[in-house]
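For reference, the structure discussed in these notes is given below.
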Amino acid sequence: MIKDLFTATVIIGIISSGIRLATPYLYAAIGEMFGQRSGVLNLGVEGQMLLGAFVAYFVVLRTESLLLAILAAIGVGALMGLAMGFVTIQLQATQGIAGIGFYLFGMGMSNLLFQKLIGVVENIDGFSAIKIPLLGDIPVIGEIFFRQNLLVYLAFLLVPLAWFVLNKTTLGLKIRAVGENPEAADSLGVNVALVRYFTVTLGGILSSIAGASLSVALLNVFQQNMTAGQGFIAVALVYFGSWRPFGILAGALLFSMVNALQLWIQVLGIPIPSELAVMLPYILTILVLTLSLTKGKGPSALTKAFEREG
Amino acid sequence: MSQSKKLTSHPAKKRFAAVFDSFMPIFATIAALLVGAIFLLLLDANPITAYSALLEGAFGSFNAFAETLVKAIPLLLVGLGTCIAYRGSVTNIGGEGQMIVGALLSTWIGLSFTNLPGWLMITIAMLAGILGGAVWGGLPGVLKAYFNVNEILSTVMMNAIAVQIMNYMLRGPMIDPVQAEAASQIPQTARLEMAYRLPRLVPTRLHIGLLIAIILAVMVYVLLWRTTLGYRIRAVGQNQSAAKYGGIDVKKHIVLALLLSGAFAGLAGMMQVYGVNYRMITDGSATGFTGNAGFNGIVAALFGQLHPLITIPASILFGGLLVGANSMQRIVQVPSALITALNGLVVVFVVSSEYFRRRSQRKRIAFIESEDEGKPPKERSEGLGEAAS
Amino acid sequence: MKNTIKLFSLLLITVLLVAGCTQAAPPVEEPEVSDQPLRVAIVTPSSMNDLAFSQSISDAMQALQKEMGEGKLEYVYSENMFVVDDAAAAIRSYAQQGFDIILAHGSQYGSSVQEIAPDFPNTVFAWGTTVDTFDMPNVHAYEAASDEGGFVNGVMAALLTETKVIGVVGPIETGDAKLYIDGFAAGVKSVDPEIDVRVTYIGSFSDVALAAEAATTHLSAGADVLTGSAQMVIGAIGKAKEAGAYWFGTQADQTSFAHDVVVASQVYHWEVLLREIFALRQSGVLGGETFAATLDNGGQVIKINPDLDLGQDVLDEAERVIQGIIDQTISIP
């Protein structure tokens, strides 16, 4: 039975499932990465995802406009991000706890709004798969990579884009400077608070889109607590990726593909308890990181509030 | 604080300011509830009725207050672990998993040995709970100290792993023999023997765990500020390179901080079984068993300014809020999702109120040279114990 | 620091004093007056509109309210009581408030009922889904024989599959979900033992994305008919719809969700059992009975999607199996 795992169907299945499952992690974790690189830990990703998922779903249900749905998700994510920014930057609140607060708020709010505004779940027409001309016709590879929906493509494009912004632009330099040594950055005339507001808001927006990618692109439904802990996994993946976009990509794909693998293990009837199969991605993520030799050092000022002297 | 005698100007005014400050979390809670009142109005519920139901449900009767205390016990225990972790500058968000493993181990022992005297089994079970939590917390500690694996990552992952272990154990090796026979096979263990239950303090659900937790709070205080081990954990937490320079084994103390903090969560898990439910039941998620205490305990510790003794009343107030909110849901029949959202608002408001407390404290602190507990105010502006590793 | 501690202690003492002064409301002794409305309190583990387990009891109460007429039945509920400890507090509090009947609608609430019921001998406690009444005079137990509906669904699935592969998406491997899934597999095998029934348990009741991916995996592995239990399967139904694979539902009528592919849903009608519980209370029996929602007593019904062209032989066979289960000529292994 184990050898059944090494057939083309299974391998193609694992990779394409992995790509879909990785999509929300990429948005959320890249957003979280920007925040952390500037020194802000946001544990509220899960709540932002749920609100984004709800709002996008609701807008599609009422207007059938995917564009409006994404704009609404961006709006809500920005608001949640700004609120997190106000609390942790302006009021210098303990970041971890504030994040837990926003997580609970987002979870409760999305459930409440769902119950009051919708009640009964319906299937909606979300983003449909777009076949990229020519590339989509390549056997196997085309099927895996070039017949996904728009939000999946954007998630993967986000990785090099984030890398570019972080490493090749002045903005990226400012973000990193603020995360490493806010005092020095401040003395060089960088507006520390402004940079952090920017990254935290961006993080909120991306988390919200992560949620939307579930509710209006990958699944086309909304269910209470539908993110089921993915926001926390996204935060963990930032550490896995050592605060680098491509590291996060590797982590998200590893976690998602092992998750797809465990489904195949169950489908093929390989006799292990289902619980053991379900744990596999979690165990392997820890294990891989433990054994990997290159682990980056986090931003020095992570979780440290900054206050200008005087 | 002993600053009052050192103050030279307007001692009465200063003291009033101190009083005002220490009530800050309560003011913040009230502010959050005022914002919540808007939601209540939108849901056609009368906020005054709702909030009196909340207060009544939490503190309004002997039985209600006992329920609040029952709720506070795991919050306090997890909170004590958080205090230690925070002082050692490590972030333990694995309380959920540590509670589960502690509970599993202690329940397994309690069901395996049926003829021991109650006091002996309770002692053994407490040790088993502590051991289970310590292992589940110590492992991320080892991974962090020796393999540079961030503890937020490992604790998040280990929470998920613990849930799956629990689901497997409760439907497999540890399932109630009665359920194993039944068609529906509810995933729960058999009930513990009467003799093994934690004794109750008064004729309510309140059990002796409360006293144990309070004693432990004092012990954590002593540990952190009156022992070498505590001093070293704090030294590593404040400045790793300085600690290393001072001859402290930094890695060992990182492990110890996480291990100890896990041990408290494990004990909390044991008490949920031996003091409240008398068996382990799973609904497939962590929350079904822990009631989110693994996270709420962290919040309670912060409400208690990460001080073990202040965490005692903070846990009780936070426990009261949770119990009262459930009661409010029952009486005014608002969706329970509102309660979760309100809970989040309270957390955000309280954590934000620290700013105002700190600011006015800083004005007063100018008069004080040093604090007796070695906690410079600057430290509070740091995050949830994230080490700059 | 010390000041703060003092202050907090002071506050607590005040609170304690207030607590001591307020008297707990005495348990209301409800006299048997027929024009008083029947007061029912429900405690459920998920939200009342989950399209699954909790929704089924909510629908039942609404049906009964309509049936019994204006002002005859009042009910309140605590939903999302997935924390066993909070559920226990809710159950006790409803009992103290003098509700006539308390429905503990979750198999995880057994211990709580066992603890609390003896303190309120005049209150009816009904616990589901289970068969255990703890031999208490005021505790009923109710369950759904979801293996029956699962069996019928399985028979139809076996007749509809062309690839001879059927995929199942479950939450965790216990309780109602396992009962349904085992019944379903038995139904398939009763038609054709060669058909491959592949089961995945995703380890969660809420992870819609993983449920969807599990369904996709089944489809890639050759399944052309799918089923699943619990509220996260909406993700799986969506994938069945996209792929045009047949779907069989349970716990609630899922036809409206994916009209083109949902063949049949096993639906619970708890009102059948609740009616009996209400009647027994009228005659002074407060507990000790075990109820099962079966195809026989109408507590569960197989709702077939009328708009799908399944072929008369499939419908006839389903009807024959349902009748067989009712007459007990067909027994589920």
Side-chain angles (χ1 to χ4, degrees), chain A residues 41 43-44 47 83 86-88 90-116 224 229 232-233 235-240 273-276 278-279 281-283 285-286 289-291 295 297-305 307, chain B residues 39 42-43 91 93 140 143 147-150 152-161 163-168 171-172 285 292 295-296 298-299 302 334-356 358 380-389:
Chain A
L41 163 74
L43 284 180
F86 179 73
V87 167
T88 56
Q90 215 74 40
L91 302 182
Q92 302 171 10
T94 310
Q95 295 171 2
I97 307 284
I100 292 177
F102 281 110
Y103 151 58
L104 292 171
F105 177 76
M107 180 164 72
M109 241 13 228
S110 61
N111 287 350
L112 185 65
L113 291 171
F114 174 73
Q115 285 185 16
K116 284 293 146 190
Q224 304 184 43
F232 287 95
I233 300 291
V235 176
L237 290 175
V238 175
Y239 294 98
F240 185 94
S274 58
E275 290 85 357
L276 184 60
V278 173
M279 318 175 187
Y282 303 94
I283 295 176
T285 307
I286 296 183
L289 190 60
T290 306
L291 299 176
K295 273 169 293 227
K297 180 182 149 301
S300 304
L302 185 55
T303 76
K304 291 190 176 55
E307 197 176 8
Chain B
F39 295 124
L42 289 175
L43 291 167
T91 311
I93 53 175
L143 290 176
F147 297 93
N148 192 21
V149 174
N150 181 280
I152 291 187
L153 179 142
S154 54
T155 48
V156 164
M157 300 283 166
M158 285 179 70
N159 282 345
I161 296 171
V163 173
Q164 296 305 323
I165 295 178
M166 167 173 76
N167 290 348
Y168 175 70
R171 78 166 170 89
S285 70
N292 248 337
F295 284 112
N296 285 336
I298 301 175
V299 177
L302 188 96
V334 285
S336 67
L338 176 71
I339 306 299
T340 315
L342 265 184
N343 189 349
L345 272 184
V346 169
V347 172
V348 170
F349 273 62
V350 171
V351 79
S352 303
S353 74
E354 280 287 286
Y355 172 73
F356 301 100
R358 218 163 36 227
R380 289 201 203 93
S381 64
E382 290 175 8
L384 171 64
E386 170 68 21
S389 61

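Each chain gets a letter, A, B and so on, in the order the sequences are listed, and its residues count up from 1. From a predicted model like this one, the values you see are computed outputs, not experimental measurements.
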Given that the side chain runs from C-beta out, which part of [X] has a heavy atom under 4.5 Å from chain A: side chain, backbone, both or neither?
X         : value
Ile339(B) : neither
Phe349(B) : neither
Leu143(B) : side chain

Q | Side chain Gln95(A), main chain Leu41(A), donor-acceptor under 3.5 Å | A | yes

Tell me, for [X] versus chain B, whether the close heavy atoms (under 4.5 Å) come from the side chain, the backbone, both or neither.
X         : result
Thr88(A)  : neither
Gln90(A)  : backbone
Val238(A) : neither

Q) Picking from Val87(A), Leu291(A), Leu112(A), which has the most non-hydrogen pairs under 4.5 angstrom with chain B? A) Leu112(A)

Q: Under 4.5 Å, counting heavy-atom pairs only, tell me which of Leu342(B), Leu43(B), Leu42(B), Val346(B) racks up the most with chain A.
A: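 Result: the option with the highest number of such pairs is Leu43(B).
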
Result block: side-chain N/O donor-acceptor pairs under 3.5 angstrom for residues 100-111 of chain A, not counting sequence neighbours:
unit_1	atom_1	unit_2	atom_2	d
Ser110(A)	OG	Gly106(A)	O	3.0
Ser110(A)	OG	Met107(A)	O	3.0
Asn111(A)	ND2	Asn225(A)	OD1	3.2

Q) Any side-chain heavy atom of Thr91(B) within less than 4.5 Å of one from Ile93(B)? A)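 Contact flag for Thr91(B)/Ile93(B) side chains = yes.
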
Q: Quick one: closest heavy-atom pair of Pro140(B) and Ser154(B), and the distance?
A: CB-OG, 3.3 Å

(Q) Can you tell me how far apart CD1 (Ile161(B)) and CE (Met166(B)) are? Round to the nearest 0.5 Å. (A)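 Nearest 0.5 Å value for the CD1-CE distance: 13.5 Å.
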
Q.
Test of understanding: with side-chain contact (heavy atoms from CB on, under 4.5 Å), list the residues that count as partners of Leu289(A), not counting sequence neighbours.
A.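 side-chain contact (heavy atoms from CB on, under 4.5 Å) check on Leu289(A) returns Phe240(A), Ser292(A), Lys295(A), Val149(B), Leu153(B).
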
